[in-house]
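Atoms considered below: every heavy atom in the structure, side chains included; atoms not considered: hydrogens, waters and symmetry mates. Counting from 1, the numbers follow the sequence of the chain as shown.
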Amino acid sequence: MTLFEYYIDYMTRVCEGALPTPAGIALTETGEMRRAMELQQQISAMGIPAFVKACAAAAGDEIPQEAYDTFSMEDMLSAAHALANQAQQENAATEEKPEEKAPDPDAGKHAFEVFLDCIALDDGLVQYLIEVLKKKDWQEFYKLSRITTKLDLDPNEFLYWLGNKEQYAPEAEQVCAAVMDACCLRLAEEKRLDVLAALLSGDQNTFELFRCEAPELMHLPDATFQWYCENYLDRDYPLRTILRLNGVEFPETLR
């Protein structure tokens, strides 16, 4: 197993309570989403290799030193990309008729959408992208884009596209993006991070309850959960919100 595979396994087991909390990690939350966010914040602070080493000690596992010595972000991204391809192939195989060839799951997608699909697979990659964008480390951004899409994506074009994507979308998506961005910003300012996290993760019950209290949604008859899914959750806006709330700036014009 690679260090990335150990990381995914340990993170899942710690979240589920199947593995004792390792040294250096202190979890106080009980809800699944809030506990996962709390864990990811602490992993980000201590680093993936240190987290894996602490978990291995708690589990009584022996991991070869070579796994630590050879760990790199490129390996992590390659593994994540492989997981994305595997998931897409499995979904296509499930839907495919025996005599038909499975369609390309990325057909018709913008290269930036494929890039974000891979990044969104793991919170560690999201945190890494945040660091890269805040530092404007474009060399690392190009490295990310080559591994995930095999293309040299321009970071300035990416930031402009993600920051302004609703301007080129249908009216329903424009309305949804504006309304839900405002809701998410207000929740962040009110420090209601548990509600914000549940909304961004797509929890239907949270959305339905929030809709009954949010002035932005109460008088909007089209604001159903399906409307939210189709025009916000499935359109990369949650990730944009996470980047924005973590200090990533999006340009209004393309440089």
Side-chain angles (χ1 to χ4, degrees), residues 1-15 25 32-33 35-53 55 67-68 70-89 91 105-106 109-155 157-159 161-163 165 196-197 200-202 233-250:
M1 291 176 64
T2 65
L3 204 70
F4 175 76
E5 291 171 325
Y6 280 112
Y7 160 62
I8 293 295
D9 178 58
Y10 286 146
M11 184 172 63
T12 301
R13 289 163 61 188
V14 170
C15 273
I25 297 290
E32 181 179 351
M33 179 55 64
R35 184 178 175 86
M37 289 182 64
E38 184 181 29
L39 175 60
Q40 189 55 55
Q41 289 173 351
Q42 294 182 49
I43 293 174
S44 179
M46 71 190 303
I48 289 175
F51 171 72
V52 171
K53 185 171 290 186
C55 287
Y68 296 101
T70 59
F71 174 74
S72 66
M73 188 54 63
E74 288 90 340
D75 293 337
M76 185 173 177
L77 285 164
S78 296
H81 191 53
L83 288 174
N85 287 335
Q86 180 180 352
Q88 290 169 346
Q89 291 171 2
N91 290 337
D106 291 335
K109 282 190 174 183
H110 194 289
F112 291 145
E113 292 178 311
V114 178
F115 173 69
L116 289 178
D117 284 347
C118 184
I119 295 296
L121 283 172
D122 183 78
D123 287 341
L125 295 180
V126 175
Q127 291 297 326
Y128 185 67
L129 178 61
I130 290 171
E131 293 174 12
V132 167
L133 294 177
K134 289 175 68 175
K135 293 177 181 177
K136 298 187 184 300
D137 188 344
W138 297 155
Q139 182 177 355
E140 285 301 306
F141 183 89
Y142 285 125
K143 190 182 298 182
L144 288 173
S145 73
R146 291 188 195 107
I147 293 173
T148 54
T149 68
K150 296 183 173 60
L151 298 172
D152 286 321
L153 301 180
D154 185 279
E157 289 183 3
F158 167 74
L159 287 170
W161 171 85
L162 185 56
K165 70 189 303 289
L196 176 58
L200 295 179
S201 70
L233 288 180
D234 297 341
R235 302 298 298 151
D236 297 314
Y237 295 112
L239 187 51
R240 183 177 75 177
T241 296
I242 292 172
L243 297 181
R244 182 170 283 153
L245 292 176
N246 279 276
V248 175
E249 297 180 354
F250 295 93

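- No side-chain heavy atom of N246 sits less than 4.5 Å from a side-chain heavy atom of V126.
- A distance of 12.5 Å separates CD of E113 from OG1 of T149, quoted to the nearest 0.5 Å.
- In this structure, OH on Y10 lies 12.5 Å from NZ on K53, to the nearest 0.5 angstrom.
- The line from CG of L233 to CG of L239 is 12.0 Å long, rounded to the nearest 0.5 Å.
- Between F115 and F158, the ring planes are perpendicular. Angles over 60° get that label, and only those under 30° would be called parallel.
- Rounding to the nearest 0.5 Å gives a distance of 9.0 Å between SG of C55 and CG of D9.
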(message) Please determine whether side-chain contact (heavy atoms from CB on, under 4.5 Å) holds for the pair L243 and L162, giving the CA-CA distance in whole Å, both sets of side-chain angles, and the decisive distance to 0.1 Å.
(response) CA-CA 10 Å; L243 297 181; L162 185 56; 3.8 Å; yes
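- Aromatic ring centres of Y6 and Y68 lie farther apart than the 6.0 Å criterion allows.
- With contacts defined as side-chain heavy-atom distances shorter than 4.5 Å, the pair D154/F141 does not qualify.
- Contact record, Q42 with I25: OE1-CA, 3.3 Å, taken as the closest heavy-atom pair.
- Here the straight-line distance linking atom OH of Y7 with atom CZ of F51 works out to 7.5 Å at 0.5 Å rounding.
- To the nearest 0.5 angstrom, C118 atom SG is 9.0 Å from L144 atom CG.
- Within a 6.0 Å radius of CD in E131, more than 12 heavy atoms belonging to other residues, nucleotides or ligands are found.
- Note: F112 and H110 have parallel aromatic rings, judged against thresholds of 30 and 60 degrees for the angle between ring planes.
- When side chains are defined from C-beta on, L133 counts as touching W138, because their heavy atoms get closer than 4.5 Å.
- With respect to the salt-bridge test (charged N to carboxylate O, under 4.0 angstrom), the residues R240 and D236 do not qualify.
- When every heavy atom of V132 is checked against every heavy atom of E140, the shortest pair comes out as CG2-CB, 3.9 Å.
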